[in-house]
Amino acid sequence: SQHALNNGAELPKHARKIGVLTSGGDAPGMNAAVRAVVRYGLSKGCDVYAVYEGYQGLVDGGKCIRKMDWKSVRGWLSIGGTTIGTARCMPFKTREGRLQAAENLVKEGISSLIVCGGDGSLTGADVFRSEWGGLIDELKQNERITPEEADTYQHLTIVGLVGSIDNDMSSTDITIGAITSLHRICESVDSINTTALSHSRAFVIEVMGRHCGWLALMAGIATGADFVFIPERPPAGDDWETAMCEVAHRHREMGKRKTVIIVAEGAIDRSLNPIKAKHIKNILTDRLGLDTRVTTLGHTQRGGSPAAFDRILATTQGVEAVDAVLRSSPDTPSPLIGISSNKVTSGPLMKAVELTHEVAKAISEKNFARAMELRDPQFAEEYEAYNTSTILDDKSHLLPEHQRLRVAILHVGAPAGGMNAATRTAVRYALNRGHRPFGVYNGFPGLVRGSFEELTWISVDGWTSHGGSELGTNRAVPGKDVDMGMVAYQIQQHKIQAVILIGGFEAFSSLMKLEEAREKYPSLCIPVCHIPATVSNNVPGTDYSLGSDTSLNAIVESCDSIVQSARSSRRRVFVVEVQGGKSGYLAVEAGLASGANTIYIPEEGISLSRLQSDVKHLMALYMDDAADRSEGRIILRTEGVSETYTTDVISNILKDEGHHLFDSRTAVLGHIQQGGTPSPMDRIRATRLAMRAMQFMEKHTSEALNTAFEQKRDEPTPIELTKSKDSIAVVGISGVDVIYSSVQDLLPKTDLKNRKPRGAWWYEHRPLVDMLSGRGLFTKQQ
Ligand code: ATP
């Protein structure tokens, strides 16, 4: 942001009025975006107007353009679709329509518009802006506006937000609504999986995506579908029917009782002929004799109540959109608010639209490599992860005999969503390469008891959607809770050459201990990779741990119910206790996603003066509420934040201090926070991290194995495979990339006492929680 941010209150009146509209297909999270624009806009001293019914409301004017206040967007975070309405509007595609729209805006005194929609809507917005000068001149000439008005409203500011379930916009990693849509698709496919399994049927499931296979591919990964068809990457070869049948047949031979094929609406073959669900069904029926059904998911994919991720994405982007308006000047191109590597971005809108159109163009020119390239950077990698982990291949990826490994996989710490998905991918990837994967039951205590079992392709089938830990997980750390000598002994006994630990901070502690013990035990001189999995998201070396997204969604769903109860009982504040150890991640993100009044997190602690100011703020809010129409309010408190100010103590203080204004209750969410079924994001992250963990093993053993192979052909493979510090590492997510960080590199960045990394990307979301609950605004009025 090279331009200084203006404070709305200091701007001339006409520059302080912002309009916000939603357009094109509705997407879950649009309401959260409008809420953030309204509330953040108000807090910056702006007047915010909602334009109802998309561009149609702009053309119709009058009642469609309504001034919003703080309370107009109450409760909108949890509501799907778009409450201010959307429409496809033909008149806006004509100059006459846009002339009328311009007149309405000038009459209302609005000169900035935040538009949330797909590429069509954003193109429309940019057309409107570039024409604006001409429209104003014409309106002046026809005396539809006064010369003064023409003078004041010389420029239109446009800021774009991408609301689209397809995730089809370039220049942003993900669009508002896509993750929620994926939630609905995965729920449907999970349900279909059980009936397919019962009847041993095949299902062909059609999902949305005319030019974009993101939903289809991600659903395929997250549900373990047998085959996926997407527009960007048509199946290889001319005879995809035979290739698909071979895969389905191979999977059946392995013992699979169901076959699930996911096909994007816009799927095509190499010659650009559409691949249709019905045709796939006929092929499976005729060639394999499978009892096959077609399910078109249709509008359930529009999503309903937004997932936690979409609420947070829309909120942080809505805030940035207002900042972009306040920063704008007539000579800068319209910005598009995006997200890249967890950071909200602002880049040229039209360039993003052009790149987006290039995907369709590349596909029409059969340049599929370019189409894949134009998608977000993860896309190609996810595609590879899918292929190497889901499809049992034709032995084409087998490693030479001497490079094949015996890999142990164990779960450490508390259960977290995605542990099983990661195990499954590691096993399947390993088998496709010729390795032998062993599951260790019940963590390190199981390991020292020698509780190993070789895992087969079919034994991990369906694990993507299983919550908890199929192997059993345990908090014990070697060298602390169990004997390191026994660990080394069992690893040697079972000839284990690589270890994958899936777990939370205990797994990281184990990693440190295992590294220390390498000096003493040659059998521990093997690569060890830690896949972070914990609801607390407190493992160093990663932005996200598996399970954290599942947990966030579980908390947000519970909070929605609690807010509803609080609202119904009137004048009630709930103090909700969430997990997280010494990490405020869950409280901050869930607070933002559920609209908490405030949060208490270990990073800040609780003090008497803070409590006092929070009570004052609540009193101000309840005094401002209409007598019988008070809002439901919640406060989130991380369990480990204070020994003095427990959840009960805080609630009792609120009760006492609230007097006749409000009452208080508590809710301790406990183990519900581990979530039942893992969220799609956790499943997808699990797949990606597990594939990379296995690649890590190959990388850190190949040299020693090759040397041994070349030097002494008849000798057994060496026990010691690597001592490099890089061969004992966390495999984590950094922005859009997967990175390996060695224990040695992570130690300086780790707060061992509080069991978490020093510094966290999500901390910048913290102030938004209080800001969006009206702190400052309402307390000031008192
Ligand atoms: P989705 O991703 O759901 O398709 P979209 O925003 O791309 O969303 P469109 O139907 O293409 O959806 O566009 C929505 C509205 O935006 C149109 O009905 C029209 O009013 C306006 N619009 C689209 N393209 C233009 C354009 N080139 N010029 C002016 N207005 C446009």
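Whatever order the structure lists them in is the order used to number ligands and atoms, beginning at 1. Residues take their numbers from the sequence shown, with the count starting at 1.
In terms of protein heavy atoms, atom 2 (O) of ligand 1 is closest to G118 CA, 3.8 Å. Atom 10 (O) of ligand 1 has as its closest protein heavy atom R88 NH1, 2.6 Å. The nearest protein atom to atom 26 (C) of ligand 1, hydrogens excluded, is given as G124 CA, 3.8 Å; this is a heavy-atom distance. From the protein, the heavy atom lying nearest to atom 27 (N) of ligand 1 is T123 CG2, 3.9 Å. Closest protein heavy atom to atom 7 (O) of ligand 1: G120 N, 2.8 Å. In this structure, atom 14 (C) of ligand 1 lies nearest to the protein heavy atom S121 OG, 3.4 Å.
For the pair E149 and R144, the salt-bridge criterion is not met [side-chain N within less than 4.0 Å of a carboxylate O]. Contact check on R688 versus D737 returns no salt bridge, with no Lys/Arg side-chain nitrogen under 4.0 Å from an Asp/Glu carboxylate oxygen. A salt bridge does not link E108 with K17: none of the charged nitrogens is closer than 4.0 Å to a carboxylate oxygen. Using a cutoff of 4.0 Å between basic side-chain nitrogens and carboxylate oxygens, R683 and D190 are scored as salt-bridged.
Residue contacts with ligand 1 for F92 involve both N, CA, C or O and side-chain atoms from C-beta outward (heavy atoms, distance under 4.0 Å).
Near G25, meaning under 4.0 Å from one of its heavy atoms, ligand 1 places the atoms 1 (P), 3 (O), 8 (O). Ligand 1 places these atoms under 4.0 Å from at least one heavy atom of C89: 17 (C), 18 (O), 19 (C), 20 (O). Every atom of ligand 1 is numbered from 1 in the order shown, and the set under 4.0 Å from a heavy atom of S23 is 14 (C), 15 (C), 16 (O). Close approach of ligand 1 to Y55 (heavy-atom distance below 4.0 Å) involves ligand atoms 16 (O), 20 (O), 21 (C). Residue contact check: D119 has heavy atoms under 4.0 Å from atoms 7 (O) of ligand 1.
Listed by first and then second residue, the ring pair (Phe, Tyr, Trp, His ring centres under 6.0 Å) pairs that reach into residues 153-188 are H14-Y153, sequence neighbours excluded. A side-chain hydrogen bond (donor to acceptor under 3.5 Å, both in side chains) check over residues 203-212, counting only residues at least two apart or in different chains, returns nothing.
Under a 4.0 Å heavy-atom criterion, R98 is in contact with ligand 1.
No hydrogens or angles considered: nothing links the side chains of D119 and T356 as a donor-acceptor pair under 3.5 Å. Side-chain N/O atoms of N31 and T83 include a donor and acceptor closer than 3.5 Å.
Cation-pi geometry between R66 and Y52 is satisfied (NZ or CZ under 6.0 Å from the ring centre, within 45° of the ring normal).
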